[in-house]
Amino acid sequence: MNPLSSSAPALRTEAVSKHYRRGAVVVRAVEQVTLAIAAGEFTALLGASGSGKSTLLNLLAGLDHPSAGAVYVRERELGAMSAAELARHRRQTVGMVFQNFNLLPRMTLEENVELPLRLAEVERGERAARVAAALERVRLTARRGHRPSELSGGEQQRAAIARALVNRPGILLADEPTGNLDSRNGRQILELFREINRELGVTILMVTHERALAEAYAGRILALQDGLLAADGAAAPAAEPEGGQA
Amino acid sequence: MKPRDMAELAGRNLREALLRNSLTTLGIAVGGASLVAMLSLGAGLKHFASSRLSHSGLFNSILVTRKIDFRGLRRLAHTPAKPPQPSRPLDSAALAALRRLPHVTEVYNQVRFINEVNYDGHPYTTAIAGVPNLARHNDAFTGMKGRYFSGPQAREAILEDSFAKQLTAHPHRLLGQELDLRYARREPLPAAPGSDASGFAIVPQVERLRIVGIIFSQPVFGFSGFMPGRVFIPQSLAERLQVAEVSDLRNVVQGAGAGRNYSSLTVNLQSASDVPAAEAAIRGMGFRTFSLQDASRRLALVFAIFDLLLGVFGSLALAVASLGIINTLVMAILERRREIGVLKALGAGELEIKKLFLMEAGVMGLAGGIAGVILGWALGRGLNWGTAIYLNRRNLPAVEVSMVPWWLALGAIGFAIFISLLAGLYPAARAARLDPIKALRYE
Ligand SMILES: Nc1ncnc2c1ncn2[C@@H]1O[C@H](COP(=O)(O)OP(=O)(O)OP(=O)(O)O)[C@@H](O)[C@H]1O
Ligand SMILES: [Mg+2]
């Protein structure tokens, strides 16, 4: 899946910052974060609420522009890309699972999952097969004709994952994919991520509040605290910052 | 996104806010309808004018008369030296020469005379007019009761309505009846031995005519002069009757010869554009001419201005409708912020978002345009129907005041689409610029 050698980082940031200014108040959502994630890695991003996890993810997805610093995806700087190249980057390279799913309420699951394929101009004949496979993977085949509002939170979560994966991105950015789930369902999702990571070689960066889950599944754990990268290490005991319990 | 996928998405979006989009489309339809109705009125009136006036022979005919040399009269007092040059006579030879000119369809002598008509034993004095062939092809006789002459020589008459009412209280019963035309016939006499001069005898004649039609308005065919006709007969028949005219006497006195001399001839041409050249040629032959070319050119100008004004008012309605489109699409952006954000987050380019919104605007324009043409056409029909009733009450023939030619229908639809796309530009650009982060944060 990943065209680059595993030694080259799939994601890299150099002192990337995102500040929000409102009058005299400056919110440093992300502050001077430098990190590198190798292709094929399964990384968890921990941090308290408001620590800047979603903001960092948006920067990596190319949805948001940094106030300072640079973001590289497969060693290409996002800031140097044109709007059209950025759009293609989001279409082809990364898959996003949003904190609040962002499924389109008036489309069925099937149509929601098909959306990235439409945008990527995948042939109609192939689309149906890919949508079916993606829904199968998240075990939602039976619910394919339903609308998001007819699904439970966990089911919506899984549908969002199917949508993020349907176009076979090399990188999956998932914002609290287990946030709405009980631990059994949360584990199921993480099993799925592990499967995707191992079988398809997808690089995964996953935001979560649950340290235990992160340690059980991720190969590496990053922690943000007030926008700063507070910890970076293998999912071993290591020095742990606070904010692990949600 | 492929166009088909884009169309599907656009269609889905349009269906989702069905009421609002339908109302917007209706607004365009009403705007389009007013444009179509206005311009159809222009087209209808122009058609009416060109069929009734231009084809009537007023604009493609030339009245030819003899040149009268007034100089001779003036000179008489000062220098009697030069005798006045005789002007070229308007005789059979001249008629033949005129017929030979290019693009000439018909040359005829307007026969109009006052005479006596006998019907049911009572005499009536009235004006009789010959009707040239041309009138068969233009709609000079539309709206008549009965039928047109069966042939150019047919012994048939068409009566004017008011005259028919003089004859009987039930004019419609006149159809198929006969009347007698009493007139003075001019019969040439052979030249007296030893003299060039020839004369003619005047012989009273009766011609029996069958009434085949009744007409309610004065038919227009060529220059009618000052005398409206009350009884119409075919031109060839009128010429064959050899009715004595006042000018005949003058011709005899002037010794103009045995041949026929006309006071005027009317030359009909294939089209109004042939008139200037023909007029110049006839002047060159030594005759006086008169045509309504100038007037017709001014008429075209008047219609152009009329069309422009109607078009402006119609477009104004469409412009108001376009505000509706802008409003609807801006509302749609607010409503679909999250959707636009998701599309962008999933990799839709700004151009694609823009195209999606423009497509929605275009579809509303297309639907509104088609509905507008149908509505405008129906409005025009109503107008036609109304004027027909109005004219009928006044015993006038019906007129198509409103016409929707194909160019107007297609043009109106195209214009509606164009206006809609124009109106969609701003909302589309706004949607495309929408920041996905903000859009996705938006609850
Ligand atoms: N548009 C904005 N304007 C001002 N402040 C903002 C804006 N967006 C985010 N922030 C602030 O930036 C900080 C980081 O926000 P972010 O959404 O990244 O947090 P998070 O770590 O994802 O939190 P959570 O776990 O609750 O999702 C927060 O303090 C937030 O209030
Ligand atoms: Mg968050």
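Chain letters run A, B, ... following the sequence lines, proteins first and then strands; every chain starts at 1.
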Take a 6.0 Å sphere around NE2 of A/His19 and say whether it holds more than 12 heavy atoms from other residues, nucleotides or ligands. yes

Inter-residue atom distance B/Ile437.CD1 - A/Ser54.OG, 0.5 Å rounding: 9.0 Å

Per-residue contact mode, A/Val94 against chain B (heavy atom under 4.5 angstrom): neither

With a 4.5 angstrom heavy-atom cut-off, could you sort out which part of B/Leu343 is near chain A: side chain, backbone, both or neither? both

Please evaluate residues B/Asp5 and A/Arg127 with respect to the criterion salt bridge (Lys or Arg N to Asp or Glu O under 4.0 Å), reporting the C-alpha separation (whole Å), side-chain torsions for both, the decisive distance (0.1 Å), and the verdict. CA-CA 12 Å; B/Asp5 288 306; A/Arg127 273 189 223 163; 2.6 Å; yes

Is there a salt bridge (Lys or Arg N to Asp or Glu O under 4.0 Å) between A/Glu123 and B/Arg4 once you walk through the steps? CA-CA 11 Å; A/Glu123 287 304 326; B/Arg4 187 173 155 198; over 6 Å; no

State, with a plain yes or no, whether a side-chain heavy atom of A/Arg118 is found less than 4.5 Å away from one of B/Glu8. yes

Report the C-alpha distance between B/Arg336 and A/Leu104 in whole Å, list the side-chain angles of each, state the deciding distance to 0.1 Å, and finish with yes or no for side-chain contact (heavy atoms from CB on, under 4.5 Å). CA-CA 10 Å; B/Arg336 278 152 53 192; A/Leu104 296 187; over 6 Å; no

Is the count of non-hydrogen atoms from other residues, nucleotides or ligands lying under 6.0 Å from A/Arg88 atom CZ greater than 12? no

Heavy atoms of other groups near A/Asp226 CG, more than 12 under 6.0 Å: no

Close side-chain approach of B/Leu9 to A/Met107, heavy-atom, < 4.5 Å: yes

So, are A/Glu121 and B/Lys2 salt-bridged, with charged N and O less than 4.0 Å apart? no

Could you state the interatomic distance from CG (A/Asn167) to CG (B/Leu346), rounded to the nearest 0.5 Å? 10.0 Å

Given B/Pro436, which of A/Asn102, A/Asp64, A/Leu63 fulfils the side chain to side chain contact (heavy atoms under 4.5 Å, CB included) condition? A/Leu63

Is there a side-chain contact (heavy atoms from CB on, under 4.5 Å) between B/Lys344 and A/Leu86 once you walk through the steps? CA-CA 10 Å; B/Lys344 289 188 92 173; A/Leu86 266 178; over 6 Å; no

Take atom OH in A/Tyr20; do more than 12 heavy atoms of anything else shown fall under 6.0 Å from it? yes

In terms of heavy-atom contacts, A/Ala87 and B/Gly349 come closest through CB-CA, 3.9 Å

Does any part of the side chain of A/Glu111, heavy atoms only, come nearer than 4.5 Å to the side chain of B/Arg12, both counted from C-beta? yes

I'd like to know which of A/Leu117, A/Thr55, A/Val122, A/Leu115 tops the heavy-atom pair count under 4.5 Å against chain B. A/Leu115

